[in-house]
Amino acid sequence: MRRPLVMGNWKMHGTRASVRQLLQEITRAGEQMPADVAVCPAYVHLQQALQLCEGTSVSVGAQDCSHMAAGAFTGEVSAEMLLDLGCRWVILGHSERRQYHGESDDLVAAKLAAALQAGLQPVVCMGETREEREAGEAEYIVSRQLRGALQGQAGLKQVVVAYEPVWAIGTGLTASPEEAQDMHAFIRAQLGDIAGADPGTMRVLYGGSVKAANAAELFGQPDIDGALVGGASLDANEFRQIVDATGARR
Ligand code: 13P
């Protein structure tokens with residue numbers, strides 16, 4: 001049985017005060033949660049988040065990392081720096097990075113290699129746009145992004161995959177549980193073809209307008225192992241309800 005994972009991607013939101021308040025509301029010292037739970041604040045808030053999560057079951061990740069290990073790369077943050085700080089996770093290949101920063105499958109693959117090399121647990125994101133879905137290309141795109149990132153890498157069992165249809169991100173539109181399940185089953189089948197991947201144990205998260213009201217239905221699907229949550233993760237009550245909804249996993 002794969003343990004569910006619920007991860008909050010806070011994107012470029014927050015102040016030191018709001019980070020403190022949100023984490024005080026999300027975490028309870030010593031509490032056992034029904035899922036693995038993580039938050040991914042902006043780089044500048046990582047250290048504070050790590051301090052606030054100490055002694056709780058909430059872990060912390062970053063939203064990106066450099067594809068290089070170290071060197072003259074102004075503005076970049078390496079996977080090793082994140083690990084050294086105490087981060088456990090790193091989100092890679094988010095559609096906003098692909099869209100606004102021109103990240104290619106090759107760059108995502110290089111970042112994945114750097115993260116695995118450093119010992120972080122990467123969450124590799126993929127998903128099609130509305131136009132791609134309407135053109136019947138959704139599986140082709142997701143397969144290309146999955147294989148482009150994972151193929152030929154060592155240590156793939158550490159990897160979490162996040163399926164985030166671009167048309168569902170921040171739009172209030174969610175893939176129906178059946179649509180999401182179909183793509184998750186497809187991803188799991190593809191993982192079976194990638195050397196070193198283990199489709200039985202690797203977690204595949206859904207992302208895109210997940211909220212308390214739709215989480216249980218999504219988590220009731222056999223191949224949906226949790227969620228990567230954007231907007232709703234900035235509301236402690238919503239986020240905790242999403243975590244509790246992992247109880248719908250069979
Ligand atoms: P929303 O939950 O705001 O749609 O964002 C999803 C996302 O991009 C998580 O990485």
Side-chain angles (χ1 to χ4, degrees), residues 4-14 18-19 22 26 35-43 45-46 49 58-65 82 87-101 103 108 111-112 115 120-130 132-133 138 141-142 145-146 149 159-177 179-180 183-184 187 203-219 221 224-246:
L5 168 62
V6 177
M7 184 172 272
N9 174 7
W10 291 358
K11 307 192 180 183
M12 198 170 72
H13 291 290
S18 71
V19 165
L22 192 49
I26 290 172
D36 288 344
V37 178
V39 294
C40 300
Y43 285 136
H45 295 138
L46 284 172
V58 177
S59 56
V60 176
Q63 299 170 17
D64 187 27
C65 73
L82 296 172
C87 290
R88 177 169 164 199
W89 308 96
V90 63
I91 298 171
L92 298 174
H94 192 280
S95 63
E96 288 149 15
R97 304 264 350 144
R98 295 180 193 261
Q99 183 179 352
Y100 304 124
H101 302 272
E103 289 197 5
V108 176
K111 289 184 174 200
L112 178 59
L120 286 174
Q121 283 191 265
V123 179
V124 180
C125 303
M126 56 205 62
E128 80 287 356
T129 63
R130 160 70 65 199
E132 288 161 346
R133 175 160 282 261
I141 295 294
V142 168
Q145 292 176 338
L146 180 70
V159 173
V160 173
V161 173
Y163 169 57
E164 300 203 302
V166 177
W167 49 271
I169 295 178
T171 58
L173 298 171
T174 323
S176 69
E179 272 174 325
M183 188 60 90
H184 281 235
I187 288 170
R203 289 179 285 195
V204 184
L205 310 184
Y206 173 78
S209 299
V210 176
K211 41 189 184 280
N214 59 23
E217 254 192 331
L218 288 161
F219 298 156
Q221 302 297 319
I224 301 183
D225 303 318
L228 185 52
V229 186
S233 70
L234 297 169
D235 179 320
N237 189 35
E238 276 279 318
F239 188 65
R240 293 216 31 132
Q241 285 185 54
I242 294 169
V243 171
D244 289 344
T246 57

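For the single chain, residues carry numbers from 1 onward in sequence order. Each ligand, and each atom within it, is numbered from 1 in the order the structure gives. Heavy atoms only: backbone and side chains are in, while hydrogens, waters and symmetry mates are out.
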Exercise answer, ligand 1 polar atom pairs (N/O) under 3.5 angstrom:
unit_1	atom_1	unit_2	atom_2	d
ligand 1	2 (O)	Ser209	N	3.4
ligand 1	2 (O)	Gly230	N	2.9
ligand 1	3 (O)	Gly231	N	2.8
ligand 1	4 (O)	Gly170	N	2.6
ligand 1	4 (O)	Ser209	N	2.8
ligand 1	5 (O)	Lys11	NZ	3.3
ligand 1	8 (O)	Lys11	NZ	2.8
ligand 1	8 (O)	His94	NE2	2.7
ligand 1	10 (O)	Asn9	ND2	3.0
ligand 1	10 (O)	His94	NE2	2.9
ligand 1	10 (O)	Glu164	OE1	3.2
ligand 1	10 (O)	Glu164	OE2	2.9

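Of all heavy-atom pairs spanning Gly127 and Gln145, the tightest one is N-OE1, 2.9 Å. Between Leu112 and Ala149, the closest heavy-atom pair is CD2-O, 3.3 Å. For Leu146 against Ile187, the heavy-atom pair with the smallest separation is CD2-O, 4.0 Å.
For Arg130, there are no side chain to side chain donor-acceptor pair (under 3.5 Å) partners two or more places apart in sequence or in a different chain.
For residues 234-245, every residue pair satisfying the side-chain hydrogen bond (donor to acceptor under 3.5 Å, both in side chains) rule, not counting sequence neighbours, is listed here: Glu31-Arg240. For residues 159-175, the side-chain hydrogen bond (donor to acceptor under 3.5 Å, both in side chains) pairs, not counting sequence neighbours, are His94-Glu164, Glu128-Tyr163, Glu128-Trp167, Arg133-Tyr163, Thr174-Asn214.
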